[in-house]
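Residue indices begin at 1 and follow the sequence shown. Both backbone and side-chain heavy atoms feed into the values below; hydrogens, waters and symmetry mates do not.
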Amino acid sequence: DDERRVDGVLKVLLHETFHVLGFTYDKIRELPCPDAPSYDRYQPSTWEPRPCAAAGSRDPVAVHRVTTGGYAHDERRVHTPKVVEAARRHFDCAEAAEQAADPLYTCASGECIDGAALEDAGGEGTNGSHWEKRLFLGETMCGTTQDGETSAVSALTLALFEDAGWYRPDYAAAEPLAWGRGAGCAFVESACIDKASGAVLPEGSSLFCTTAAEAGCTSDRKRRGACARLQYASAITPASQRYFDDAAAGGPAFFDYCPVFAGSSGAAASCADASATMYELEWGSAHGDASLCFTSTLLNTSYVVVGSAH
């Protein structure tokens with residue numbers, strides 16, 4: 001717990017420092033043109049940069065129309081070269097390794113992604129100036145933090161700073177991001193829950209959930225969790241982010257209303273809580289610094305101690 005608190009304070013400082021260094025929507029819009037990085041976008045007497053189309057290039061941020069469950073909504077994606085490469089590698093969403101490293105590859109078959117999504121929830125200062133939390137939970141540059149979890153300065157954030165042209169990041173210092181790693185293109189392009197069947201898509205089976213209070217683990221596996229399926233006062237908007245027959249049911253807004261496992265509080269919630277010895281015999285679980293959370297059907301539901309646990 002002390003480690004998480006220290007990490008949390010340091011990451012808040014880094015998060016705000018990264019905003020000062022240029023991680024804001026206004027500055028991301030002004031990044032070099034992806035296909036013509038030497039093109040001078042400066043225009044005297046105006047705050048608006050020259051459009052990249054004048055140089056035959058895409059803009060560094062573009063709007064994508066995403067359709068899920070028969071409904072469409074727009075999301076903004078960063079198209080700069082190193083960000084594209086980092087996103088493809090993280091999700092393992094490219095047709096081949098050489099294409100993951102080629103930001104100009106245009107995904108002819110649809111089996112790759114051409115950018116990293118920015119947050120579309122929250123107010124001014126959050127919307128557009130952070131990575132999309134549904135896709136990048138645990139990244140230091142998400143707009144909100146998940147209670148009880150540490151965050152990572154991943155290769156994706158370092159890539160954005162390299163694309164700015166002002167910095168040369170040390171990728172050896174990048175921290176691993178567990179959420180969505182290797183989950184494939186469907187994790188990015190599809191809804192978290194198949195509305196027709198009401199089931200979590202296979203790519204997100206350990207990350208998303210459907211039943212309120214369903215037991216599970218937080219994404220970093222350091223705490224027990226419970227499914228955060230919420231009931232809102234009115235129907236969720238946009239309609240593309242409704243996943244249940246009940247249009248007012250869904251997860252937290254910053255997850256595009258996908259229900260996720262939120263960290264539990266109270267006794268034995270933290271896997272590192274070595275004082276939770278009472279659960280060793282009843283649940284067969286052991287708590288300590290090296291312990292992690294896993295879901296299992298091997299549970300003594302009678303809570304009758306039948307012998308020593310080892």
Inset, instruction - Begin from the C-alpha positions of Lys82 and Leu158 and carry the test side-chain contact (heavy atoms from CB on, under 4.5 Å) through to its verdict. - result: CA-CA 9 Å; Lys82 291 298 181 180; Leu158 298 184; over 6 Å; no
Legend entry - Under the side chain to side chain donor-acceptor pair (under 3.5 Å) test, residues paired with Gln43 that sit two or more places apart: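 Checked Gln43 against side chain to side chain donor-acceptor pair (under 3.5 Å); zero matches.
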Using every non-hydrogen atom in the two residues, find where [X] and [Y] come nearest and quote the distance to one decimal.
X: Leu135; Y: Phe91; answer: O-CZ, 3.7 Å
X: Ala286; Y: Ser291; answer: O-OG, 2.9 Å
X: Phe254; Y: Glu132; answer: O-OE2, 3.7 Å
X: Leu160; Y: Val78; answer: CD1-CG1, 4.0 Å
X: Gly263; Y: Thr218; answer: CA-CG2, 3.4 Å
X: Phe136; Y: Ala117; answer: CE1-O, 3.9 Å

Parallel, tilted or perpendicular: which one describes the rings of [X] and [Y], with boundaries at 30° and 60°?
X: Phe23; Y: His130; value: tilted
X: His64; Y: His79; value: tilted
X: Trp179; Y: Phe208; value: perpendicular

I'd like to check [X] versus [Y] (side-chain heavy atoms, cut-off strictly below 4.5 Å). Are they in contact?
X: Glu162; Y: Arg168; value: no
X: Asp163; Y: Pro81; value: yes
X: Leu137; Y: Ser219; value: yes
X: Leu207; Y: Val260; value: no
X: Pro259; Y: Thr211; value: no
X: Pro176; Y: Arg181; value: yes
X: Lys195; Y: Tyr243; value: no
X: Pro60; Y: Pro32; value: no

Tell me if a side-chain donor or acceptor on [X] pairs with a main-chain N or O of [Y] at a distance below 3.5 Å.
X: Tyr167; Y: Leu21; result: yes
X: Ser154; Y: Leu156; result: yes
X: Thr157; Y: Val153; result: no
X: Arg88; Y: Ile113; result: yes
X: Ser129; Y: Thr24; result: no
X: Arg242; Y: Ala235; result: no
X: Asp120; Y: Glu75; result: no
X: Ser57; Y: Ala53; result: no
X: Asp59; Y: Val61; result: no
X: Thr237; Y: Ala239; result: no

Using a strict threshold of under 4.0 Å (side-chain N to carboxylate O), is an ion pair present between [Y] and [X]?
X: Arg134; Y: Asp256; value: yes
X: Glu48; Y: Arg29; value: yes
X: Arg77; Y: Glu119; value: no
X: Glu175; Y: Lys11; value: yes

Hey, what do you get for [atom1] ([X]) to [atom2] ([Y]), rounding to the nearest 0.5 Å?
X: Ile193; Y: Ser190; atom1: CD1; atom2: OG; answer: 13.0 Å
X: Glu85; Y: His90; atom1: CD; atom2: NE2; answer: 14.5 Å
X: Leu14; Y: Asp7; atom1: CG; atom2: CG; answer: 9.0 Å
X: Ser151; Y: Glu139; atom1: OG; atom2: CD; answer: 7.5 Å
X: Ser270; Y: His287; atom1: OG; atom2: NE2; answer: 7.5 Å

Inset, instruction - Verify the cluster assignment for Tyr42 and Ile28: are they in a single hydrophobic cluster under the rule of side-chain heavy atoms below 4.5 Å apart? - result: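 Result: no, two separate clusters.
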Legend entry - Same cluster (ILVMFWY, side-chain, under 4.5 Å), Tyr171 and Trp166: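 The answer is yes; both residues are in one hydrophobic cluster.
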Legend entry - Under 2.5 Å between SG of Cys293 and Cys217: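 Correct, these two cysteines form a disulfide.
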Inset, instruction - Check whether NZ of the Lys or CZ of the Arg Arg76 lies under 6.0 Å from the centre of the six-membered ring of Tyr25 and within 45 degrees of that ring's axis. - result: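 Checked: cation-pi criterion met.
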Legend entry - Six-ring centre of Phe244, Arg229 cation under 6.0 angstrom, axis tolerance 45°: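 The answer is yes, since Arg229 meets both limits relative to Phe244.
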Inset, instruction - State which residue, out of Glu214, Arg224, Arg223, fulfils the side-chain contact (heavy atoms from CB on, under 4.5 Å) condition with Phe261. - result: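 So, applying the side-chain contact (heavy atoms from CB on, under 4.5 Å) to Phe261 and each of Glu214, Arg224, Arg223, only Glu214 qualifies.
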Legend entry - Enclosure of Glu124 CD (heavy-atom neighbours >12, cutoff 6.0 Å):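 Counting neighbours around CD of Glu124, 12 or fewer heavy atoms of other residues, nucleotides or ligands fall under 6.0 Å, so no.
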Inset, instruction - Just do the side-chain contact (heavy atoms from CB on, under 4.5 Å) check on Arg221 and Cys271 with the steps written out, would you? - result: CA-CA 8 Å; Arg221 297 197 174 276; Cys271 296; over 6 Å; no
